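Small disclaimer: the values here were computed from a predicted structure and weren't measured. We number each residue from 1, following the sequence as shown. Side chains are part of it too, since the values below use all heavy atoms of this structure and drop only hydrogens, waters and symmetry mates.
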Amino acid sequence: MPEPTLFDISKANRRGVRYPEPDVPEADFPQDFLREELPLPEISEHEVIRHFTNISQYNHGVDIGFYPLGSCTMKYNPKVNEDVARLPGFAFIHPLQPPETVQGALGLMYELQEWLGEISGFTDVGLQPAAGAHGELTGVLIIRAYHRDRGDEKRTKMLIPDSAHGTNPATSAMSGMEVVELPSDERGNVDLEALESECDDTLAGIMITNPNTLGLFDENIVEACQLVHEAGGLVYGDGANMNALLGTCKPAQTGIDVMHFNLHKTFSTPHGGGGPGSGPVGVVPELADFLPSPVVIRAEKGDEKNAPFYDFHVPEKTIGRVKAFHGHFGMFVRAFTYMISLGKEGLRDVAESAVLNANYLRALIKDSYNIPYDRMCMHEFVVQGEWEDAPDIQALDVSKRMMDFGIHPPTNYFPLIVHEALMIEPTETETKETLDEVAQVMNKIAKEAREEPETLKTAPHQTPFGRLDEVKAAKDLILNTSLPEDYGED
Ligand SMILES: *Cc1c(COP(=O)(O)O)cnc(C)c1O
């Protein structure tokens with residue numbers, strides 16, 4: 001049953017707030033602006049609070065329950081990040097303030113660049129891009145600028161493995177690249193033979209995700225980067241899965257030349273309806289001059305030789321600005337707070353626990369689900385939501401049934417190379433008790449798939465809304481159900 005709307009609970013003359021009699025003369029308000037016919041619900045304050053609190057519970061979030069949305073790293077967002085982002089010195093500054101008045105903020109941006117560089121092995125980092133996909137676009141534009149700068153105009157071919165996130169081919173195409181898909185080998189790695197056959201003088205580069213979207217560390221990463229470099233191309237790293245690598249592997253050392261970070265995944269800034277993302281880009285020294293402008297540098301200024309002064313710097317061959325002002329500053333504060341509150345050891349713990357949690361859950365459900373690439377996984381793994389002896393059941397049915405147990409469904413139907421894929425990423429912030437419970441639920445659902453498939457087919461049963469017509473929901477979207485039916489008819 002849908003929640004009653006504000007109009008359903010409205011009763012004439014109820015008020016949330018009652019104003020005292022004015023003790024000043026009434027102003028002459030232009031009456032034309034008052035629309036008598038405008039329907040406004042009349043409700044007391046506590047009814048309004050209950051209404052919105054109730055409907056807020058319809059939405060699943062990391063603060064409500066398990067959220068294993070693969071590739072999205074829906075980890076807990078520590079609340080101290082929010083406190084720090086709201087400090088007046090961060091929250092109330094203006095992006096056009098002169099640098100000398102915002103040294104603290106610039107210092108934070110500089111330190112964040114340094115930390116991201118240290119974690120990944122890249123020497124230079126730009127913070128501007130607004131999200132992962134935007135970081136990809138920035139990175140591919142940097143690759144394009146690098147080749148053009150050398151007068152190598154014919155390098156327009158971008159190789160993309162078939163397991164890649166859809167944003168990879170999209171950002172390549174937007175940058176004017178010709179996208180060529182590469183197959184994966186039987187262990188889920190980049191297929192080196194196929195890669196080699198594409199290595200010619202039109203190669204701009206490759207976009208590679210490591211660990212890849214199957215949750216597997218690409219065992220061919222070093223050879224793949226070497227092949228591309230020998231052919232004169234560059235390697236773009238999709239860093240969305242950095243959560244698995246923090247403190248254990250620096251992507252730059254495996255041969256990657258430019259990579260984006262998803263601060264909203266790896267570094268716990270909220271995402272998924274929770275706020276804007278942030279997709280900083282790290283580069284090797286050869287590409288530093290092409291970074292979007294400006295970056296923050298630590299300069300020496302005036303007599304205060306020892307006091308650092310932070311300033312903006314426009315890289316010499318910059319691809320230009322990719323975002324208004326300096327990017328999503330509030331996200332920088334949250335991500336940096338997360339980093340310094342965990343410290344070096346803590347960040348390494350994050351990756352180790354993320355990998356341990358994923359492998360633990362994988363081991364607990366591997367007898368009930370088919371796991372196509374069954375080897376030690378990194379921070380996530382992919383199972384199949386289909387069984388030979390349950391011909392009608394699809395991954396979608398498994399996901400819908402999980403909702404009955406207060407669990408957000410895993411990522412469905414991605415990566416595309418796995419039939420009926422369910423991509424599960426528990427993240428490091430879940431306890432063993434939660435993982436045990438989730439495994440129990442998933443094993444129960446696998447059993448139901450064979451014994452009572454109808455229960456899955458008609459799920460969810462326990463949520464405020466039942467199974468939606470997915471086509472109608474997309475094609476005939478009604479966002480505002482709170483207006484009375486006759487509103488706006490004439
Ligand atoms: C999330 C993700 C992206 C895109 O990042 P956004 O921040 O959502 O734009 C790219 N690649 C992979 C593998 C991802 O998981």
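Under the 30°/60° scheme for interplanar angles, the aromatic rings of Phe312 and His326 are found to lie parallel.
The backbone N or O of Phe325 sits less than 3.5 Å from a side-chain atom of Arg321, completing a donor-acceptor pair. The backbone N or O of Pro270 sits nowhere less than 3.5 Å from a side-chain atom of His264 that would complete a donor-acceptor pair. In terms of modelled atom types and a separation under 3.5 Å, the side chain of Asn412 and the main chain of Pro410 share a donor-acceptor contact.
Between the side chains of Asn168 and Asp238, at least one donor N or O sits under 3.5 Å from an acceptor N or O. A donor-acceptor pair shorter than 3.5 Å can be found between the side chains of Glu420 and Tyr413.
Salt bridge annotation for Asp392-Lys457: absent, with no cationic side-chain nitrogen under 4.0 angstrom from a carboxylate oxygen. With respect to Glu452 and Lys447, no salt bridge is recorded, no charged nitrogen being found less than 4.0 Å from a carboxylate O. For the pair Arg375 and Glu219, the salt-bridge criterion is met [side-chain N within less than 4.0 Å of a carboxylate O].
With Val383 as the partner, the side chain to side chain contact (heavy atoms under 4.5 Å, CB included) test is satisfied by one option alone out of Leu361, Asp374, Ile365: Ile365. Between Leu182 and the choices Ile206, Ile160, Asp162, the side chain to side chain contact (heavy atoms under 4.5 Å, CB included) rule is met once, by Ile206.
Residues His408 and Phe66 place their aromatic rings such that the two centres sit no closer than 6.0 Å.
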